[in-house]
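Let me begin by handing over the structure; questions about it come next.
Note: hydrogens, waters and symmetry copies are ignored here, and every other heavy atom, side chains too, is used.
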Amino acid sequence: QVQVVESGGGLVQAGGSLRLSCAASGSGISINAMRWYRQPPGKQRELVAVITSGNSTNYADSVKGRFTISRDNAKNTGYLQMGNLQPADTSLYYCHTALDFTVPKRLRIYWGQGTQVTVSS
């Protein structure tokens, strides 16, 4: 059974840093690509960062230069390193991961459960 579990959220002061993790577990799987989304209270979910199967990355303008998305294929884990956090970054953060299955060969999308990031001023 496949599980995708996020961790690393919390409360931090403005200017601080956090690292979110998104770990996929299960047999015969590997991460193809990963996205991080966030949904501030009362607002729509927005795309924050993307890492492709070829390790290309892309970021929302609001986080460029502050956030870094990465992956550790050996651990089937993706990360979102967040720096110089601001109150506007307060949100529920979700990972969205495309997993490759070996047998039978297929691609499936999974969402994490969400992790809360709160930035105090």
Side-chain angles (χ1 to χ4, degrees):
Q1 186 173 354
V2 173
Q3 283 191 313
V4 175
V5 179
E6 299 175 31
S7 60
L11 174 63
V12 64
Q13 287 188 330
S17 300
L18 283 173
R19 188 178 78 160
L20 306 183
S21 299
C22 178
S25 61
S27 60
I29 64 169
S30 60
I31 293 176
N32 179 288
M34 183 175 288
R35 303 175 181 178
W36 286 92
Y37 289 82
R38 66 186 182 186
Q39 187 165 16
K43 296 185 179 180
Q44 289 189 329
R45 190 173 296 187
E46 60 176 349
L47 180 61
V48 174
V50 176
I51 186 165
T52 69
S53 58
N55 282 331
S56 296
T57 59
N58 203 4
Y59 300 91
D61 288 342
S62 58
V63 306
K64 277 181 183 175
R66 301 188 298 123
F67 290 12
T68 302
I69 189 171
S70 63
R71 59 197 287 171
D72 184 334
N73 292 334
K75 295 182 179 180
N76 270 344
T77 300
Y79 303 97
L80 185 67
Q81 178 69 47
M82 306 184 294
N84 191 21
L85 284 161
Q86 301 301 315
D89 296 314
T90 294
S91 188
L92 192 59
Y93 284 73
Y94 297 90
C95 71
H96 168 286
T97 183
L99 296 180
D100 284 315
F101 287 74
T102 53
V103 180
K105 189 171 177 60
R106 63 195 187 278
L107 185 72
R108 292 291 184 267
I109 303 297
Y110 290 83
W111 287 89
Q113 80 283 6
T115 187
Q116 179 67 37
V117 172
T118 302
V119 185
S120 62
S121 58

message: Looking at every heavy atom in both Gln116 and Ser91, which two are closest together, and how far apart are they?
response: NE2-O, 3.3 Å
Hydrophobic cluster identity match, Leu85 and Leu20, side-chain contacts under 4.5 Å: yes
message: Between Phe67 and Ile51, is there shared hydrophobic-cluster membership here, with clusters defined by ILVMFWY side-chain heavy atoms closer than 4.5 Å?
response: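 Both belong to a single hydrophobic cluster.
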message: How long is the straight-line distance from CG of Asn58 back to NZ of Lys64, given to the nearest 0.5 Å?
response: 6.0 Å
- prompt: Out of curiosity, Leu18 CG to Leu80 CG, how far, rounded to the nearest 0.5 Å?
  reply: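 Reported value, rounded in 0.5 Å steps: 10.0 Å.
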Joint cluster assignment, Tyr93 & Val50, ILVMFWY side-chain distance < 4.5 Å: no
task: Taking Thr52 for its side chain and Ala33 for its backbone only, find out whether a donor-acceptor pair lies under 3.5 Å.
output: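 Not a single qualifying donor-acceptor pair exists.
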message: Just so I know, are the side chains of Met82 and Val63 near enough to count as touching, which here means a heavy-atom distance under 4.5 Å?
response: no
query: Would a 4.5 Å heavy-atom cut-off, applied to side chains only, mark Arg38 and Val117 as touching?
result: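 Not touching, per the 4.5 Å side-chain cut-off.
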message: If hydrophobic clusters are built from ILVMFWY residues whose side chains come within less than 4.5 Å, do Val48 and Leu92 share one?
response: no
message: Is the shortest side-chain heavy-atom distance between Lys75 and Ser21 below 4.5 Å?
response: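 When only atoms from C-beta onward are counted, Ser21 and Lys75 do not touch, as no gap falls below 4.5 Å.
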- prompt: Between atom CZ of Arg108 and atom CG of Asp100, what is the distance when rounded to the nearest 0.5 Å?
  reply: 11.0 Å
task: Among Asn84, Asp89, Thr90, find the one that has a side-chain hydrogen bond (donor to acceptor under 3.5 Å, both in side chains) with Gln86.
output: Asn84
Pairs of donor and acceptor atoms involving the side chains of residues 1-12, under 3.5 Å and at least two apart or interchain, shall be tabulated with distances.
residue	atom	partner	partner atom	Å
Glu6	OE1	Thr115	N	3.3
Glu6	OE2	Cys95	N	2.8
Glu6	OE2	Gly114	N	3.2

Which donor-acceptor pairs under 3.5 Å do side chains of residues 22-29 form with protein atoms, sequence neighbours excluded?
none

task: Taking the side chain as every heavy atom from C-beta outward, state whether Thr97 and Arg71 have any pair of such atoms under 4.5 Å apart.
output: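 Thr97 vs Arg71: side chains apart.
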message: Can a donor-acceptor pair be found, under 3.5 Å and without considering hydrogens, that links the side chain of Glu46 to the backbone of Gln39?
response: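 The answer is no, because no donor-acceptor pair under 3.5 Å joins these two groups.
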task: Considering non-hydrogen atoms only, spot the tightest contact between Gly112 and Tyr94 and give its length.
output: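 So the minimum-distance heavy-atom pair works out to O-CD2, 3.8 Å.
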- prompt: Quick one: CZ on Arg19 to OG1 on Thr68, what's the gap to the nearest 0.5 Å?
  reply: 11.5 Å
task: Check whether any side-chain heavy atom of Val119 sits under 4.5 Å from a side-chain heavy atom of Pro87, and report yes or no.
output: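 When only atoms from C-beta onward are counted, Pro87 and Val119 do touch, with a gap below 4.5 Å.
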query: Sequence neighbours excluded, which residues qualify as ring pair (Phe, Tyr, Trp, His ring centres under 6.0 Å) partners of Tyr37?
result: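 Result, ring pair (Phe, Tyr, Trp, His ring centres under 6.0 Å) vs Tyr37: His96, Trp111.
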